[in-house]
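We use all heavy atoms of the structure for the numbers below, so side chains are in, but hydrogens, waters and symmetry mates are not. Order of the sequence lines sets the chain letters (A, B, ...), proteins ahead of strands, with each chain counted from 1.
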Amino acid sequence: MTENTSTNKINSFQKQKNKDEMKKQVITFVLMIAFTIVAFAIVGTGIMQKMFVIPLLLILALVQVGFQFYYFMHLKDKGHEMPATMIYGGMWAALLTIVTLSVIAWW
Amino acid sequence: MSQDHSLNPETMPAEPEKATLEGKNKFFGLWFFLGGETVLFASLFGTYLALKNSTAGGPTSNDLFGLELVFLMTILLLTSSLTSVYAMYHMKNNEFKKMQLWLGITALLGLGFLACEIYEFAHYITDYGFTFRSSAFGSAFYTLVSFHGGHVIFGLSWLIALMVRNAKRGLNLYNAPKFNTFSLYWHFIDVVWVFIFTVVYLMGKVV
């Protein structure tokens, strides 16, 4: 009798939720751009010593990657335990690989 | 057409990309794949770090790299990551046309990135004679950066194929997981680029 009024529509609660999520994503993006500018500025201006620059650059990169994984790729959301296991497993193997190759070459 | 109905429901679920078993499997499968990709890129990064000073008398990283172009490439790829987030936002709101629009912008930004990379390599080869065979540094550099560029080419082909193939279908529970899987892959390409611009370009400029 009653026509389906919600054909292919998303309810307003869900819509608001998506909107709030999108706001967070844009903030994440702004922060990532800021981190990128800081990283390039430090190297471009050469205001810091090499000893401090490299660890700082790596920290900036790790934070950016964290944003990318947790916000853009939703690792922070529920139901992402298995993906987190995969990525942390991969990162652990990655760390071992990089440390091994660097130590072989530079020790 | 009961099957068709189950994939084109009257009310779209909140997470259309994970509403079907196939969607869930695609989601987990892609993360599994990304775990493996992490290790693949780690071995290339490790090789690069081990060989970056073996220049065989040729140009060094500090001679070659220009930060302006790399900054532009970073902004292009980072923005394309945000535009694909916008595409997924519209997917969740079941707005197919807007999703396609943002995916199209993502593709254009990706193409811009690729054009910059081709220009960069051409510049190194013609102006510095710096090729894959110049030195161990050259081999490691081109292998690492081109592997990433190859991923961008693959991602763009994937995206364009998805957009064209589904242009007339509209959004349903069959293709929503496909778009979501692509978007995750595209973010991962950006993750790898963050490490490339940090480890290869920025650290290569710090002497």
* Pair A:Tyr71-A:Phe29, side chain to side chain contact (heavy atoms under 4.5 Å, CB included): steps then yes or no -> CA-CA 9 Å; A:Tyr71 284 87; A:Phe29 174 74; over 6 Å; no
* Is B:Lys205 reaching over with its side chain to a backbone N or O of B:Asn62, donor-acceptor style, under 3.5 angstrom? -> yes
* Structure fact -> Most heavy-atom pairs under 4.5 Å with chain A, out of B:Ile75, B:Val192, B:Asp190, belong to B:Asp190
* Asked: Quick one: of B:Leu40, B:Val39, B:Val191, who has the most non-hydrogen atom pairs under 4.5 Å with chain A?
  -> B:Val191
* Asked: Out of B:Phe45, B:Tyr48, B:Phe41, B:Phe188, which one racks up the most heavy-atom pairs below 4.5 Å with chain A?
  -> B:Phe188
* Asked: Counting N and O atoms only, with roles assigned by atom type, does the side chain of B:Thr38 sit under 3.5 Å from a partner on the main chain of A:Gly90, one being a donor and the other an acceptor?
  -> no
* Going by an N to O cut-off under 4.0 Å, is there a salt bridge joining B:Lys26 and B:Glu22? -> yes
* **Greatest number of heavy atom pairs closer than 4.5 Å to chain A - which of B:Thr198, B:Val85, B:Thr74, B:Thr79** => B:Val85
* For residues B:His151 and B:Glu37, is any side-chain donor paired with an opposing acceptor at under 3.5 Å? -> yes
* Asked: Given a strict heavy-atom distance threshold of 4.5 Å, which part of B:Phe28 is in contact with chain A: side chain, backbone, both, or neither?
  -> side chain
* Option that, when pairs with chain A are counted at under 4.5 Å, heavy atom only, ranks first among B:Leu49, B:Val194, B:Leu82 -> B:Leu82
* **Contact origin within B:Thr47 toward chain A - heavy atom pairs under 4.5 Å** => both
* Atom group of A:Lys17 that falls short of 4.5 Å from chain B, counting heavy atoms -> neither
* Sort out for me which of B:Val199, B:Asn180, B:Asn53, B:Leu44 touches chain A most, counting heavy-atom pairs under 4.5 Å. => B:Asn53
* Asked: More than 12 heavy atoms of other residues, nucleotides or ligands under 6.0 Å from CZ of B:Arg169: is that the case?
  -> yes
* Contact part of B:Phe32 toward chain A, heavy-atom cut-off under 4.5 Å: side chain, backbone, both or neither? -> both
* Backbone N or O of B:Asn175 within a donor-acceptor pair of the B:Asn172 side chain at under 3.5 Å? -> yes
* **Check: A:Phe69 main-chain N/O paired with B:His187 side-chain donor or acceptor under 3.5 Å** => no
* To do: Sort A:Gln25 into side chain, backbone, both or neither according to what part of it lies under 4.5 angstrom from a heavy atom of chain B.
  => both
* **Over 12 foreign heavy atoms within 6.0 Å of CZ, B:Phe121** => yes
* Structure fact -> Of A:Pro83, A:Gly89, A:Ser102, A:Ala39, the largest count of non-hydrogen pairs under 4.5 angstrom with chain B goes to A:Pro83
* Segment of A:Leu75 engaging chain B (4.5 angstrom heavy-atom cut-off) -> side chain
* Go through the atoms of A:Ile42 and report whether side chain, backbone, both or neither lie under 4.5 Å from a heavy atom of chain B. => neither
* To do: Over all heavy atoms of both residues, which pair between B:Phe130 and B:Gly138 is shortest? Give the atoms and the distance, please.
  => CZ-CA, 3.4 Å
* Structure fact -> Applying a strict 4.5 Å limit to non-hydrogen atoms, the region of B:Lys18 in contact with chain A is side chain
